[in-house]
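Step one of this worksheet: look at the structure below.
Each chain gets a letter, A, B and so on, in the order the sequences are listed, and its residues count up from 1.
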There are 2 protein chains.
Amino acid sequence: MLSDRKKEILKAVVDDYIMTAEPVGSKAVSRRLSVPVSSATVRNEMADLENMGYLEQPHTSAGRVPSNKGYRLYVDELMERYRLNISEIDRIEKALSIRVNELDKLIIEAGRMVSELTNHPTITVTPSRSEEKIRRFEVIKVDEHTIVLVLVTTSDMIKNRICHLTSPLTDFDAAAASKALNDNFTGISLEGLTQEQITAAEFATGQTITEILIAAIDFAEEVISASGRRQIYLEGAPNILRFPEYRDIDRAYELMDFLSDTNAVGELTALSESEIEIKITIGEENLEPVLTDSSIIMTSYGSGGLIGVLGPTRMDYARVSARLRRFAEGLERYFK
Amino acid sequence: MLSDRKKEILKAVVDDYIMTAEPVGSKAVSRRLSVPVSSATVRNEMADLENMGYLEQPHTSAGRVPSNKGYRLYVDELMERYRLNISEIDRIEKALSIRVNELDKLIIEAGRMVSELTNHPTITVTPSRSEEKIRRFEVIKVDEHTIVLVLVTTSDMIKNRICHLTSPLTDFDAAAASKALNDNFTGISLEGLTQEQITAAEFATGQTITEILIAAIDFAEEVISASGRRQIYLEGAPNILRFPEYRDIDRAYELMDFLSDTNAVGELTALSESEIEIKITIGEENLEPVLTDSSIIMTSYGSGGLIGVLGPTRMDYARVSARLRRFAEGLERYFK
DNA sequence: GATTAGCACTCAGCAGTTACGAGTGCTAAT
DNA sequence: ATTAGCACTCGTAACTGCTGAGTGCTAATC
């Protein structure tokens, strides 16, 4: 267990380092402490903290830098909760006031806002829709050879597809197909819509309108797989170039390249359990090798949606997480 | 008018510089020429070319670098048409074999492919749909208080919106609303759908189902404005970090930041007339200040869609434009 | 008149040197 | 336990000189 003074010193080092990105010396720390203490004392304490693994020294004649273990303690215990000021709250509220209809567009927009709000690259993940059910499955006849399939789910997601038919279609057929689809699929969860059920439904109709049904089933399958696949978006990627830790182009490239591969990012976020308030992963806690000197602050919205920002381990955890939390709370309003 | 030898020298300089990114000296050029000539002669010629504005010297004791005027001439007259080899063609064909249903997703995917094919950031712009007409406008009753509006256009674009009604709805009402919508809007071009027509249509029905119609009109308006607004996507942005000209982080940041602002990029592409084969803008030809040392190679697909890549003025015009052209030709197949 | 060998000149880049200073660990005094 | 003092470390920045690629010019050659 760390003494209070050690904690205060650690906090001072992290706070300072977050601001300056320069190794922090004993003198600078001693100036910051609540009880006045000489730099020599601080030096001893800092040497201790280094032995305990909370601090690191880039080289002998430099100040100290927090280790990931140090950041972890800072985040868990030391960090002051950042209080948003009025202009920040204002900005967030303004950002939230925009209305977007499509879910995906909304999430993209949200990501953009967060990246602007925090000046960090932002990753957003749409909620997984696996527990949804089919509410309505309709055939619209556009002309003799063209139909539109419309699928509505219990949470108001709508998907559609246009199909060109080889044989001409009567209004009656269209209505019959609609009825068949609704009869067979309504109330079925997207996840539960197995291959067996699909083929069963297909044969159950025993009609000449099977062409429509086949198309409909194909369409339903696609919707299912798409709804299982959560969409992942990245916004504000250029922000990483503003951090001195990514002055090294090769590292910056590596990271950006990784981030723009949404599949890879997806695996990353897969593990984040939903319904978290704020989850911070620091350095190697992100198992992904390219992220070992980055941190991620992530929170959830809606049910199972994720929104998070990425930065160097030296990021301003308090401020960024405060802004992110506030934004996510506001976003929550959209989802009820 | 430039002598043939001057042209050959200019071409050699550009070719060499494109490969190496290093200023090209007279010796290197003389080695490349078809008729053997001493470096001294080349030196004289290069001094001429510099006076004429085709070449530039970063500093006295360095080789020469093409000016934008030099690139222009190179692109217009000197550049050899790059012949794609089999593996490249193969790669492009493979990329093109993927099927995507939604137009926007397709274009995003196309952008991703081109950025992978060329190793350049790629900008894609969806075709403008202003000349489209409404083909079908349907109301689907989901439950007593919920409808889905579905709008189908002549080029098979489908848009929908879910609406929650305050008053309960009968099947009969839904059918009547559908009819009213189809009667009034079918065949009307999206662009031509003016406010006047909209309100006229609204009153023409004189029904209690106005709630639906109001929602439908609002929806139609949104579709109109959205279809006028062409979507712009950026893929492969990290690629710019691979060019030595963007080793300077600040420049790289500036450029990336500009590129991720799709509105700004939109203004840029607005001027590109459609139905071009390949259009190359070099350096200051891009009026946008941040792009003064970048070039863009752009081509069109579909009707009015654009796809282009961005790079330093020192980009490999021949190879990149060959790949882009080939890809765009393949993409064309999707649009008929 | 065009070409070229030869030569003096320029200058970015690199390596080596030095000086500086921020920061350390240790010791001995308080 | 704290701290003043001090020798030590080492990255950084500034200066130096050197090297070599590349130039422009001149005078000889074709």
Side-chain angles (χ1 to χ4, degrees), chain A residues 1-10 12-17 19-67 70 244-245 247-248, chain B residues 1-10 12-17 19-67 70 244-245 247-248:
Chain A
M1 199 49 206
L2 266 62
S3 70
D4 282 358
R5 193 170 66 186
K6 279 204 175 56
K7 283 186 185 171
E8 198 185 351
I9 288 175
L10 178 57
V13 172
V14 178
D15 281 336
D16 197 311
Y17 187 60
M19 297 306 297
T20 64
E22 298 288 323
V24 186
S26 53
K27 200 118 142 255
V29 172
S30 77
R31 251 182 275 117
R32 272 175 165 269
L33 294 183
S34 58
V35 283
V37 120
S38 84
S39 66
T41 312
V42 174
R43 237 168 0 251
N44 290 328
E45 296 282 55
M46 282 169 84
D48 282 0
L49 284 167
E50 184 172 356
N51 286 332
M52 297 161 107
Y54 292 102
L55 293 179
E56 286 168 358
Q57 222 174 353
H59 57 265
T60 339
S61 67
R64 299 252 186 2
V65 155
S67 68
E245 15 277 288
R247 287 235 83 99
D248 176 10
Chain B
M1 199 51 208
L2 268 62
S3 70
D4 283 356
R5 192 169 67 186
K6 281 203 175 54
K7 284 187 185 170
E8 198 186 352
I9 289 174
L10 177 57
V13 171
V14 179
D15 280 338
D16 197 310
Y17 187 62
M19 296 307 297
T20 64
E22 300 287 325
V24 187
S26 51
K27 201 118 140 253
V29 172
S30 77
R31 252 182 273 117
R32 272 174 165 271
L33 293 182
S34 58
V35 281
V37 121
S38 84
S39 66
T41 311
V42 174
R43 232 157 20 237
N44 291 326
E45 296 281 56
M46 282 169 83
D48 281 359
L49 283 167
E50 183 171 357
N51 286 331
M52 298 161 106
Y54 293 102
L55 293 178
E56 285 169 358
Q57 222 174 354
H59 57 265
T60 338
S61 66
R64 300 257 188 354
V65 155
S67 68
E245 15 276 287
R247 287 237 83 101
D248 175 10

- Task: Can you see which heavy atom on A/Val65 is nearest to which on A/Pro23, and at what distance?
- Result: CG2-CA, 3.9 Å
- Message: With heavy-atom distances below 4.5 Å as the criterion, would you say the side chains of B/Arg64 and B/Val29 are in contact?
- Response: no
- Query: How long is the line joining CD1 of B/Ile9 and P of C/dA2, in whole Å?
  - Reply: 14 Å
- Is the closest side-chain heavy-atom distance between B/Leu49 and B/Leu2 below 4.5 Å? yes
- Flag, side chain of B/Glu8 to backbone of B/Ser34, donor-acceptor distance under 3.5 Å: yes
- Item | Annotated protein contacts, base or backbone, on nucleotides 15-30 of chain C with a non-hydrogen cut-off under 4.0 Å, one of B, S, - each | -------BSBB-----
- Query: Side chains of A/Arg32 and A/Asp15: closer than 4.5 Å at any heavy-atom pair?
  - Reply: yes
- Message: If a pair means Watson-Crick or G-U wobble with both distances below 3.5 Å, what does DNA chain C look like in dot-bracket form, with | marking bases paired to a different strand?
- Response: ||||||||||||||||||||||||||||||
- Query: Looking at the side chain of A/His59, which of D/dA4, D/dC10, C/dT3 is the nearest nucleotide?
  - Reply: D/dC10
- Message: I need the minimum non-hydrogen distance between A/Ser30 and A/Val42, along with the two atoms involved.
- Response: CB-CG2, 3.7 Å
- Item | Length of the line joining A/Arg5:CZ and D/dA1:C1', which is rounded to integer Å | 8 Å
- Message: I want to check something: taking the side chain as every heavy atom from C-beta on, are B/Arg5 and B/Ile9 in contact at a cut-off of under 4.5 Å?
- Response: yes
- Task: For A/Arg31 and D/dT3, give me the distance from atom CZ to atom C1', rounded to whole Å.
- Result: 17 Å
- Task: List the atom of B/Ser26, the atom of B/Arg43, and the distance in Å for their closest heavy-atom pair.
- Result: OG-NH1, 3.3 Å
